[in-house]
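Every chain is numbered from 1 and lettered A, B, ... according to where its sequence line falls, protein lines coming before strand lines. Just so it is clear, the structure is predicted and the values come from calculations on it, not from any experiment.
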2 protein chains.
Amino acid sequence: MSSSDKSVVSRLRKLIGEGFYQPGERIGEVAVAEQLGVSRTPVRLAFRTLEQEGLLQQAGKRGFMVREFTEADVLCAVEVRGVLEGLAARRLAEQGLSQELDAELQVWIQKGKELLAKGFLEERDVDTWSELNRHFHETIVGSAGSPVIGDAIARNNHLPFAAADSIVIDSEALDREYRKLQLAQTQHELVVQALRHGEGARAEMLMREHAFIGLRYGELLGL
Amino acid sequence: MSSSDKSVVSRLRKLIGEGFYQPGERIGEVAVAEQLGVSRTPVRLAFRTLEQEGLLQQAGKRGFMVREFTEADVLCAVEVRGVLEGLAARRLAEQGLSQELDAELQVWIQKGKELLAKGFLEERDVDTWSELNRHFHETIVGSAGSPVIGDAIARNNHLPFAAADSIVIDSEALDREYRKLQLAQTQHELVVQALRHGEGARAEMLMREHAFIGLRYGELLGL
DNA sequence: AATGTTATGATTGGATCCAAAGTAGAGCTT
DNA sequence: AAGCTCTACTTTGGATCCAATCATAACATT
């Protein structure tokens, strides 16, 4: 897999995400090849990858179409990530938190604390949070004893809106987002607490609930 | 994706599963193409699919290698299936079991009862069980309200030994397998009971535990 | 002798060509 | 006029060709 080849996959993923190709729309190899300025070969390879990722699905006997996602699908994808990250957290709690891991998690907790300490949110804080949030989640999932859980989550995250760092969107209402991140930070801290004490079931449930933060908490915190 | 093309993927998957290509071994396009009697093009496409499935992984900068799986990976894959099927069962319990679904599940329960009624196991019963077991699981997962969970399970099942129907192996010790299936049948019945009563948490936990049946129950039942 | 550099060989990625399968449209038959 | 069939065109799948990249080995230089 070359870099240019990867770029075809990600560029196509981006186009689909942006709605350039409408859900349900039949998508032809030649059209995409011309659009991206490459030959059919890398496009065909990319179609395979995107089919496995779930963004494309076979259209009848012939070719592919953009898969459409319902509200229920998005909710479900978030729940899937929740149970998988919950599984990772539980396993981690059961196997015991090592000194180094504890320290590493503490780093991201601390960064989160610092970010929120000033009492409000700036535009550029969003990226900072997204970064530390990603590290926090990756640290837990990557320490669960096998790459299998991480792989399953990675595949699930290919679905739009399923990834953990697709929380913050609304940079208009930064005060609302601030409260959301405050809650997320608390949840992170609780998870670490549970992990430290070997409380597997609690860690699992906290992590599950944490997955919903980008989904249902808007109404709750939105006054 | 043509039929011949699918066949390259599945034939290659079979060869890897059988150990024809050793884990960790570098796997070349030309070698596979000659082995299967096709050109490099379908092989390259198949490599993409198998990479996404997790059976192949990139070997350095160039080409692919057969991924190796540890004991921990197998255990983890089974747990992943457990939590995902558990999620499906819980959602199903929460949304309520429809009349038709109840009837359909009852069919597979009944077939299981009939299979085990005679008090022992024959060689050909293994396939029958495998079939009804697959239907039972697919019915639950397919009714969870979104194909997303099923997709995640399907991708996970590509890993060797993770699939639900890889329970029965030992056709030498059919008496031992009989008791295992008896337990599996009971678990199926308990799951349906929980689903009927809308007991989401119970259904989830039963389904989770059920995933382990091919893994840890051998020692328990093996005297 | 060891290390760095260059050259050659192996292997993958991209483009194009050809064949096969499918779809749509037009014309014919009933 | 409706339905069926045949044909032509579109699109995908497989094979092959060419270019680019990586690895290995040999040779030269310090």
Side-chain angles (χ1 to χ4, degrees), chain A residues 1-16 19-68 151 154-155 158, chain B residues 1-16 19-68 151 154-155 158:
Chain A
M1 179 177 292
S2 75
S3 58
S4 144
D5 188 6
K6 263 206 190 74
S7 131
V8 170
V9 174
S10 58
R11 278 200 290 166
L12 192 47
R13 199 187 288 136
K14 192 159 174 284
L15 283 173
I16 293 171
F20 184 87
Y21 297 107
Q22 286 300 318
E25 185 184 339
R26 180 100 175 282
I27 188 171
E29 292 177 1
V30 280
V32 175
E34 282 172 13
Q35 172 75 22
L36 298 182
V38 292
S39 88
R40 276 180 52 221
T41 308
V43 174
R44 284 167 68 185
L45 292 168
F47 276 14
R48 287 315 178 77
T49 299
L50 294 175
E51 185 203 11
Q52 286 299 113
E53 286 184 1
L55 254 68
L56 296 180
Q57 61 184 174
Q58 285 181 257
K61 297 274 183 183
R62 201 162 182 139
F64 292 94
M65 55 187 281
V66 179
R67 177 158 167 195
E68 21 193 354
D151 289 350
R155 287 189 294 249
H158 287 129
Chain B
M1 183 177 290
S2 74
S3 59
S4 144
D5 187 7
K6 264 207 189 72
S7 129
V8 170
V9 174
S10 59
R11 278 200 291 166
L12 192 48
R13 199 188 286 138
K14 192 159 176 282
L15 283 173
I16 292 171
F20 183 87
Y21 297 106
Q22 287 300 318
E25 186 186 339
R26 179 96 177 284
I27 189 171
E29 293 177 0
V30 281
V32 174
E34 284 172 11
Q35 172 73 23
L36 299 182
V38 293
S39 87
R40 275 179 52 218
T41 308
V43 174
R44 284 166 68 184
L45 292 167
F47 277 13
R48 284 314 185 77
T49 300
L50 294 175
E51 185 204 9
Q52 286 298 114
E53 287 184 1
L55 255 68
L56 296 180
Q57 61 185 174
Q58 286 181 257
K61 298 274 183 182
R62 201 162 182 131
F64 292 95
M65 54 185 283
V66 178
R67 176 159 169 194
E68 19 192 357
D151 289 351
R155 287 191 293 250
H158 287 128

*A/Arg13: salt bridge (Lys or Arg N to Asp or Glu O under 4.0 Å) partners, not counting sequence neighbours*: A/Glu53
_Expressed as a whole number of angstroms, how long is the span from B/Phe64:CZ to D/dC22:P?_
15 Å
*To the nearest 0.5 angstrom, please state how far the CG atom of A/Leu50 sits from the CG atom of A/Leu56.*
5.0 Å
*Where the side chain of B/Glu29 is concerned, which of D/dT16, C/dT16, C/dG13 is the nearest nucleotide?*
C/dG13
*Tell me: CZ of A/Phe47 to P of D/dG13, nearest whole Å?*
10 Å
*Check whether any side-chain heavy atom of A/Phe47 lies under 4.5 Å from a side-chain heavy atom of B/Leu45, and answer yes or no.*
no
Produce the list of close N/O pairs, under 3.5 Å, pairing protein atoms with atoms of nucleotides 17-20 of chain C; give distances to one decimal.
none

Give the table of side-chain donor-acceptor pairs shorter than 3.5 Å for residues 24-34 of chain A, with sequence neighbours excluded, one pair per line with atom names and distance.
unit_1, atom_1, unit_2, atom_2, d
A/Glu25, OE1, A/Gln22, N, 2.7
A/Arg26, NE, A/Arg62, O, 3.3
A/Glu29, OE1, A/Arg40, NE, 2.9
A/Glu29, OE1, A/Arg40, NH2, 2.9

*asked:* Whether B/Ser39 contacts D/dA15 is assessed here as follows: a side-chain N or O lying under 4.0 Å from the phosphate OP1 or OP2. Is that the case?
replied: yes
*Sequence neighbours excluded, which residues qualify as side-chain contact (heavy atoms from CB on, under 4.5 Å) partners of B/Gln57?*
B/Met65, B/Arg67
*For B/Gln35, check side-chain contact (heavy atoms from CB on, under 4.5 Å) against everything at least two apart and list the hits.*
B/Leu15, B/Phe20, B/Tyr21
*asked:* What is the distance, to the nearest angstrom, from the CD1 atom on B/Ile27 to the P atom on C/dT12?
replied: 10 Å
*A/Arg26 CZ to C/dG22 C1': how many Å, rounded?*
9 Å
_Can you measure B/Gln58 atom CD to C/dT12 atom P for me and round it to whole angstrom units?_
12 Å
